[in-house]
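Please read the structure below before turning to the comments.
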Amino acid sequence: MAGALALLGLTACTQAETAIPAAGPAEAQTAEDLVAQGQYMVAMGGCNDCHTAMTPTGPDMSHALQGAALGFAPLVEMPWAPNAPPIAGLPEGWTGDDMITFLTGGGRPSGVPVLPPMPQYRASAADAAAMTAYIASLPKAE
Ligand code: HEC
């Protein structure tokens with residue numbers, strides 16, 4: 001009897017252990033979580049500083065990532081793109097995978113190099129997937 005109880009106890013223990021959820025860093029559980037995680041990363045990456053029209057109080061988030069003319073220019077001569085294109089809802093003709101490739105450092109699908117001041121991000125695949133989910137969820141410019 002005691003043996004059977006001990007065995008039961010052991011089984012319960014094992015079950016309790018396997019019931020503990022794997023706590024990975026920032027593991028997104030749902031599509032909603034992924035978008036929220038991406039929104040956070042896009043804010044951290046400063047994407048809105050260039051890709052969203054600027055107002056005296058900051059980026060106009062009612063048109064988030066819908067593209068903007070930059071409000072600044074370099075002091076020295078250098079390669080320069082004066083406009084940050086619209087990326088909300090993904091750039092025209094890009095798939096989500098194209099965006100993930102781009103954000104992990106793989107360049108544009110067309111192969112055309114990206115000019116400064118666009119930073120060359122080398123995000124992890126997981127972070128790029130989260131940012132892509134958020135960017136894809138945004139309404140495109142009208
Ligand atoms: C300092 C300004 C700046 C910041 C910050 C910035 N970008 Fe850009 N981005 C640009 C400019 C300017 C271009 C256009 C470059 C060119 O024409 O070669 C660009 C191009 C791009 C493109 C290519 C779009 C296309 O149609 O080819 C993507 C995608 C992009 N940016 C995404 C992002 C994301 C996502 C972030 C934040 C994680 C970000 N950018 C942050 C300025 C910026």
Side-chain angles (χ1 to χ4, degrees), residues 3-142:
L5 272 181
L7 199 63
L8 267 178
L10 191 68
T11 313
C13 250
T14 313
Q15 279 171 351
E17 268 166 36
T18 53
I20 295 169
E27 258 191 59
Q29 319 266 283
T30 65
E32 222 170 62
D33 286 345
L34 196 67
V35 168
Q37 168 80 5
Q39 182 172 13
Y40 167 76
M41 303 229 39
V42 161
M44 292 290 288
C47 318
N48 288 297
D49 288 357
C50 296
H51 288 272
T52 303
M54 201 47 87
T55 77
T57 52
D60 172 10
M61 294 306 286
S62 66
H63 296 95
L65 303 184
Q66 292 186 0
L70 299 179
F72 53 93
L75 296 174
V76 295
E77 203 163 310
M78 60 181 285
W80 190 258
N83 292 298
I87 59 171
L90 300 181
E92 214 43 58
W94 288 36
T95 64
D97 280 349
D98 291 337
M99 183 60 101
I100 291 171
T101 300
F102 181 81
L103 293 174
T104 50
R108 281 177 167 132
S110 65
V112 176
V114 180
L115 295 174
M118 174 63 202
Q120 302 219 346
Y121 294 102
R122 300 267 188 280
S124 69
D127 288 349
M131 285 191 277
T132 298
Y134 167 65
I135 293 166
S137 78
L138 292 173
K140 281 181 181 272
E142 286 178 8

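Note that ligands are numbered from 1 as they come in the structure, with each ligand's atoms numbered from 1 the same way. The shown structure was predicted, so the numbers you read here are calculated from the model rather than taken from an experiment.
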Looking at atom 5 (C) of ligand 1, what's its closest protein heavy atom, distance included? G46 O, 3.5 Å

Reported NE2-to-CE distance for the pair H51 and M118, which is rounded to 0.5 angstrom: 5.0 Å

the protein heavy atom lying closest to atom 34 (C) of ligand 1 turns out to be C47 SG, 3.5 Å

Could you tell me which atoms of ligand 1, counted from 1 in the order shown, lie closer than 4.0 angstrom to a heavy atom of P91? 26 (O)

Closest non-hydrogen protein atom to atom 33 (C) of ligand 1, residue and atom name please, with distance? M118 CE, 3.4 Å

Any P91 side-chain heavy atom under 4.5 Å of M99 side chain: yes

For I135, the ligand 1 atoms whose distance to one of its heavy atoms is below 4.0 Å: 35 (C)

Taking all heavy atoms of Y134 and all of G38, pick out the closest pair and write down the distance. CB-C, 3.7 Å

With a sphere of 6.0 Å drawn around CE of M78, does it hold more than 12 non-hydrogen atoms of other residues, nucleotides or ligands? yes

Starting from atom 3 (C) of ligand 1, locate the nearest protein heavy atom and write down its residue, its atom name and how far away it is, to 0.1 Å. C50 SG, 2.7 Å

Nearest protein heavy atom with distance in Å, relative to atom 28 (C) of ligand 1: F102 CE2, 3.4 Å

List ligand 1 atoms under 4.0 Å from L103, heavy atoms only on the residue side. 35 (C)

Have a look at H51 and say which of its N, O or S atoms is nearest atom 8 (Fe) of ligand 1. NE2

Go through ligand 1 atom by atom and flag the ones less than 4.0 Å from a non-hydrogen atom of M99. 29 (C)

Say whether R108, considering both its backbone and side-chain N or O atoms, lies within less than 3.5 Å of an N or O atom on ligand 1. yes

So if I count the atoms of ligand 1 from 1 in the order they appear, which ones are less than 4.0 Å from some heavy atom of L115? 15 (C), 16 (C), 18 (O)

Under 4.0 Å from one or more heavy atoms of N83, ligand 1 contributes atoms 11 (C), 12 (C), 13 (C), 14 (C)

Shortest protein heavy-atom distance from atom 24 (C) of ligand 1, along with the residue and atom involved: P85 CG, 3.7 Å

Derivation of the side chain to side chain donor-acceptor pair (under 3.5 Å) call for S62 and D60: CA-CA 6 Å; S62 66; D60 172 10; 2.6 Å; yes

